[in-house]
Amino acid sequence: MSPSRSRFVTLCQQLLALGVVLAVLTPAASVISLDVVRQAPEGSRAAGLTGPALLTPPRTAAASDLAAYARGAQEATAVPTAPVDPDVREYALTPPAGSSARAGTLAARAAQGPAGTRITSAPQRVTGYGAVGVTWQHGEQVDEDDLALVVRTRTDGRWGAWSDLEYHDDHGPDPDSAEARRARPGTDPVLVGTVDEVQVRVDVARGTAAPDDMSLSVIDPGEAADTVAERPALDTSTLDGPATPGDAAPAPETAGAAGEEQLALSAAEATPRPQIFSRAQWGADERMRSASSLRYGEVHAGFVHHTVNANDYTREQVPALIRGIYAYHTRSQGWSDIGYNYLVDRFGRIWEGRYGGIDRAVVGAHTLGYNDYSFAMSAIGNYDVAQPSPAVVQAYGALFAWKLSLHGVDASSGSQQVGSKRFPAINGHRDAGSTACPGRYLYARLPEIRRLAAATQTGFAGRQLDSNLADTAHPDVVLRRASDGRLLVLPTGGLTRLAKPRAVAGDWSSVDVVVASPDLTGDGLADLVARSADGTTGVRAGDGAGGFAAAPRSLTALAGHDLLTAAGDLDGDGRADLLARQDTTGRLDAFLGNGAGGFRRVDTGLVLAASDLLAAPGDLDGDGVADLVVRDAAGSATLHRGVRPGTGAVSFATATRLAGDWSRWDVVTAAGDWNRDGRADLLVRRAGGAGFVMPSRGDGGFGHVLGPVDRVAGLDGIVSGASLTGDAAPDVLARRGDALVVLANPGTVDTAPLVDTGVRVPGADAVMNVGDWDGDGLGDVVVRNAATGVLMLRRGDGQGRLGKALRIGTGFKDVGLLAAVGDTTGDGRPDLMGQPRGGSMRIYPGAGLDGLGESYVARSAITATQQVGAGLWDADGAPDSLLRNGSRLTLYPGNGPGGLTDPRTLGLDVTAYDWVVGVSDVGLTGHPDLVVREKRTGYLWLLRASADGFEPRRFLAEGMGDYDLAG
């Protein structure tokens with residue numbers, strides 16, 4: 001950044017910071033917080049934290065509820081500009097097991113008394129803002145009642161009083177973890193501050209041996225060479241850890257663009273993000289932690305702790321305090337990192353604790369037996385002897401509201417499964433073990449912390465995958481044609497359906513037959529032909545809104561005819577015509593319209609005496625002449641292809657048998673172009689039940705039925721084929737008792753015609769419909785090259801066309817289970833998920849045109865054959881992952897940005913399908929769905945998801961056997 005730009009940014013920061021402080025201090029209806037955001041550097045993760053952590057106005061909490069915390073969070077403090085190395089000195093108090101060490105080699109003396117053994121250390125020098133603790137040999141089991149430890153300090157030649165050195169065996173990593181296998185038991189660290197010397201005393205009960213290899217740790221947290229006054233930074237480039245153990249393959253390289261720092265204003269759309277100081281700001285030396293031990297679990301609850309030290313420290317001393325705890329946990333106790341996920345000082349400022357991502361389910365070492373399922377924040381101080389400030393309590397409320405919301409946990413929940421037991425969402429450490437932590441005064445404030453967290457919380461902002469590419473709100477499937485590698489888009493369209501029946505005004509009790517037809521009267525609107533029980537027939541002009549004229553235009557020529565049907569344009573003069581059978585002879589007559597409500601009868605030459613049903617949907621074989629479908633009493637159907645011998649004449653060719661059993665339909669009527677492919681279709685109804693659309697293939701045959709089309713069961717006299725309500729979609733007209741009803745067609749379809757994207761990808765082995773990757777509001781596609789593992793972005797234009805390839809990532813050749821998973825990180829951008837060979841499942845955060853942010857572990861290695869995709873399957877706000885393993889699907893519920901939790905197998909057998917593709921919600925009802933391809937037939941089916949599982953499959957499209965990739 002140029003010096004002038006740097007000065008400009010600094011000035012803006014100061015002005016905005018001043019505005020924030022004034023806003024906090026000003027009595028108002030809400031707390032307003034503005035912040036200056038630095039663009040994340042190249043390679044940083046875009047997981048919802050590329051901007052600052054903001055405290056924006058709570059949706060339900062009053063401004064005063066968090067005013068003290070907000071005021072403190074905005075204040076700058078002196079923090080190191082570089083990592084600071086602590087100095088840890090160990091003094092042996094007892095020899096290691098099996099050692100022949102003499103007493104003179106120990107930094108302590110032991111004396112026997114009537115109550116047991118007393119071990120007193122030699123006074124040890126303390127430099128810096130010191131911390132002390134006592135540890136002993138790994139594996140030593142010590143009963144808290146058998147061991148009493150106290151500590152005292154000397155300043156200016158005077159010893160202070162002895163005070164307890166707390167030891168509880170439930171502070172630390174879980175016993176079955178790799179971290180615990182090398183950890184040394186010990187006391188909590190005591191932050192003694194700036195003193196000259198320290199001394200500890202250990203009383204061991206009679207009949208009990210002192211622990212082997214007992215050692216006094218004296219820690220100088222180090223002094224920063226240089227400091228700078230900063231507000232909470234949240235440098236997200238430091239939040240991404242390396243792969244967990246077993247990740248043999250490195251994470252793929254990701255493309256990114258490092259730009260100048262930019263100014264921005266951000267506002268949280270979900271639960272407000274609290275201000276948090278980063279590890280870098282307390283001077284963490286990242287070399288001290290065990291990078292390979294970083295692992296992720298689940299967050300079902302949070303625990304409140306305290307650090308049991310003096311409460312009179314200054315703001316500037318806090319980074320040193322945290323470094324002392326860090327050094328004791330890592331170097332003295334052998335833990336992989338500082339045990340707490342977060343810390344809060346007495347001024348209400350929150351500090352990042354254990355490495356791995358403050359928005360993720362990083363497993364800490366804080367609450368023995370429950371670390372894998374929870375997080376913890378420890379208040380720096382001894383709250384058994386001091387009251388927490390309002391800022392501390394409010395900081396807990398703000399942090400716990402945000403953290404729990406990320407992982408789909410209601411802060412007000414009174415029952416959460418945390419490991420083997422159930423707890424409220426927010427707890428004190430003593431609720432999970434035999435400890436006084438977090439002190440009686442802080443523990444007494446838990447009800448207030450819960451209230452604040454519940455009032456502030458609004459939920460996690462993760463979003464399921466949006467997979468629409470072709471100008472509709474409904475998802476689409478992108479396909480690769482095997483013959484030429486061309487990508488095509490198969491749009492879904494909201495499913496074939498009808499609106500609720502709406503009664504047509506007027507008295508229809510005497511009408512026994514109605515026929516809906518395209519315009520018969522010359523006004524451009526669809527009309528109605530109605531026949532009364534006495535044989536009187538007439539045309540009632542439509543009004544384009546589902547209503548019809550009360551007075552009919554009489555059609556005396558139709559007397560003595562039955563099987564009346566609309567026929568479209570039979571003679572090619574551009575006017576709508578009718579067909580009807582003479583009821584005594586069976587002769588089929590055409591009634592050719594004049595466009596003004598009049599007709600001329602023409603003999604078609606067909607005799608249909610044995611027929612019980614006919615439908616004239618229009619041109620079925622693509623020759624431009626209207627055709628006719630006839631069913632006989634035995635249930636067989638035939639196609640009579642229309643021929644045009646001359647102007648004003650109507651004729652049909654010899655009948656062709658239509659395949660299938662047509663006796664199962666009690667309704668067969670012209671449907672118009674129901675599926676928007678430009679061909680005439682039929683509407684059929686299973687006897688007394690659901691309706692279906694029978695789509696024309698354009699060659700005289702029909703495809704697999706589409707539907708079901710609900711709401712036609714129980715209706716009589718069903719006809720279709722014309723738009724009665726003013727749009728282009730054909731509606732349905734029917735009788736319900738004495739009423740005439742219109743069922744409007746909203747124009748939705750199961751699938752629309754294929755759209756050519758204009759792109760060929762013959763070298764691809766994966767095609768992913770990723771949603772709006774570049775942030776322009778239009779769906780995009782990512783393709784992986786099989787030979788190189790390069791990921792290429794193809795930007796969509798919203799009409800199904802795709803643009804030129806843009807590289808967004810490399811090194812993905814050996815990443816299995818790769819899939820588009822929607823916005824798993826909560827930053828508003830879609831992400832990818834995959835599993836490097838031999839490694840763990842990882843999230844690859846989307847970063848728009850900058851490519852991908854740094855990946856991180858979502859879960860340890862998963863065995864599966866395909867990742868179907870992700871979505872809000874369990875409706876807790878965190879996207880979940882669905883994977884296929886052979887014939888079964890396994891759901892891994894999401895836990896916010898932290899990744900995936902324990903799986904469960906779904907009761908759905910997918911043996912018959914070679915494709916299982918996750919898409920967004922086809923019906924826009926809130927649940928993502930599955931599109932599957934049947935291996936045997938090449939049919940595409942929809943498996944709609946619900947809160948209880950999956951509905952019976954629904955046919956979508958045929959002819960899909962020509963494609964080899966789908967996404």
*Asks:* List in chain and number order the residues that pass side-chain contact (heavy atoms from CB on, under 4.5 Å) with T638, two or more places apart in sequence or in another chain; answer none if no residue qualifies.
*Replies:*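 So T638 forms a side-chain contact (heavy atoms from CB on, under 4.5 Å) with V630, H640, A655.
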*Asks:* How would you list all residue pairs meeting ring pair (Phe, Tyr, Trp, His ring centres under 6.0 Å) that involve residues 527-581, not counting sequence neighbours?
*Replies:* H561-F591
*Asks:* Before giving the answer on salt bridge (charged side-chain N to carboxylate O under 4.0 Å, His left out), spell out for D627 and R641 the whole-Å C-alpha distance, their side-chain angles and the decisive distance to 0.1 Å.
*Replies:* CA-CA 5 Å; D627 305 310; R641 299 176 187 269; 5.9 Å; no
*Asks:* Can you run down the salt bridge (Lys or Arg N to Asp or Glu O under 4.0 Å) pairs that involve residues 701-727, sequence neighbours left out, and say none if there aren't any?
*Replies:*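 Passing the test, one end in residues 701-727: no pairs.
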*Asks:* Determine, stepwise, if the pair L588 / L628 fulfils side-chain contact (heavy atoms from CB on, under 4.5 Å).
*Replies:* CA-CA 11 Å; L588 183 66; L628 178 65; 3.5 Å; yes
*Asks:* Using only heavy-atom distances, determine whether the side chains of T669 and S720 contain a donor-acceptor pair under 3.5 Å.
*Replies:*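 Note: T669 and S720 side chains miss the donor-acceptor criterion.
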*Asks:* Please list, chain by chain and in numerical order, all residues satisfying salt bridge (Lys or Arg N to Asp or Glu O under 4.0 Å) with D589, sequence neighbours excluded.
*Replies:* R587, R601
*Asks:* Hey, mind stepping through T492 and T751 against side-chain hydrogen bond (donor to acceptor under 3.5 Å, both in side chains) and telling me if it holds?
*Replies:* CA-CA 4 Å; T492 70; T751 59; over 6 Å; no
*Asks:* Mind checking salt bridge (Lys or Arg N to Asp or Glu O under 4.0 Å) for D603 and listing every partner two or more places apart, or none if nothing turns up?
*Replies:* none
*Asks:* Can you name the nearest heavy-atom pair linking A690 to P708, along with the distance?
*Replies:* CB-CB, 3.8 Å
*Asks:* Applying side-chain contact (heavy atoms from CB on, under 4.5 Å), run through E934 and L940 and close with a yes or a no.
*Replies:* CA-CA 6 Å; E934 193 172 20; L940 219 57; over 6 Å; no
*Asks:* Is there any side chain to side chain donor-acceptor pair (under 3.5 Å) pair reaching into residues 957-967, and which pairs are they, with sequence neighbours excluded?
*Replies:*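 Every pair satisfying side chain to side chain donor-acceptor pair (under 3.5 Å) with a residue in residues 957-967: R480-D964, R697-E958.
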*Asks:* Can any side-chain N or O of R794 pair as donor or acceptor with the backbone N or O of G803 at less than 3.5 Å?
*Replies:*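 Side chain of R794 to backbone of G803: a pair is present.
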*Asks:* Closest heavy-atom contact between M694 and W665?
*Replies:* CE-NE1, 3.7 Å
*Asks:* For A680 versus D619, what's the shortest heavy-atom pair and its separation?
*Replies:*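 The answer is CB-O, 4.1 Å.
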*Asks:* Give every residue pair that meets the salt bridge (Lys or Arg N to Asp or Glu O under 4.0 Å) criterion with at least one member in residues 753-762, sequence neighbours excluded.
*Replies:* R486-D756
*Asks:* Under the 3.5 angstrom rule, does the side chain of D583 hit a backbone N or O of G586 as a donor-acceptor pair?
*Replies:*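 Checking the backbone N and O of G586 against the side chain of D583, no donor-acceptor pair under 3.5 Å is found.
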*Asks:* How close do G546 and V742 get, heavy atom to heavy atom, and via which atoms?
*Replies:* O-CG2, 3.9 Å
*Asks:* Considering the options L965, V761, L802, which one meets the side-chain contact (heavy atoms from CB on, under 4.5 Å) requirement together with V783?
*Replies:* V761
*Asks:* What is the minimum heavy-atom distance between V511 and V514, and which atoms define it?
*Replies:* CG1-CG1, 3.6 Å
*Asks:* With sequence neighbours excluded, give me every salt bridge (Lys or Arg N to Asp or Glu O under 4.0 Å) pair touching residues 653-671.
*Replies:*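 Residue pairs with at least one partner in residues 653-671: D666-R685.
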*Asks:* Compare every heavy atom of D681 with every heavy atom of V693, then report the nearest pair and how far apart it is.
*Replies:*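 It is CG1-CB, 4.1 Å.
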*Asks:* Please name all residues satisfying side-chain contact (heavy atoms from CB on, under 4.5 Å) with R497, sequence neighbours left out, ordered by chain then number.
*Replies:* P746, T748
*Asks:* Under 30°, 30 to 60°, or over 60°: which ring-plane class applies to W662 and F702, parallel, tilted or perpendicular?
*Replies:* perpendicular
*Asks:* Determine, for R795 against D774, whether the closest basic-nitrogen to carboxylate-oxygen distance falls under 4.0 angstrom.
*Replies:*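 Salt bridge present between R795 and D774.
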*Asks:* Considering residues at least two apart in sequence or located in another chain, which fulfil the side-chain contact (heavy atoms from CB on, under 4.5 Å) criterion with D573?
*Replies:*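 If we apply the side-chain contact (heavy atoms from CB on, under 4.5 Å) test to D573, skipping adjacent residues, the hits are D569, D571, R575.
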*Asks:* Under 3.5 Å, side chain of D780 to main-chain N/O of G796, donor-acceptor pair present?
*Replies:* yes
*Asks:* Would you please name every residue forming a side-chain hydrogen bond (donor to acceptor under 3.5 Å, both in side chains) with D527, sequence neighbours left out?
*Replies:* T521
*Asks:* Considering only residues two or more places apart or on different chains, which pairs with a residue in residues 728-747 satisfy salt bridge (Lys or Arg N to Asp or Glu O under 4.0 Å)?
*Replies:* none
*Asks:* Check for a donor-acceptor pair, side chain of D673 on one end and backbone N or O of G678 on the other, with a separation under 3.5 Å.
*Replies:*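 Looks like yes, one N/O pair under 3.5 Å.
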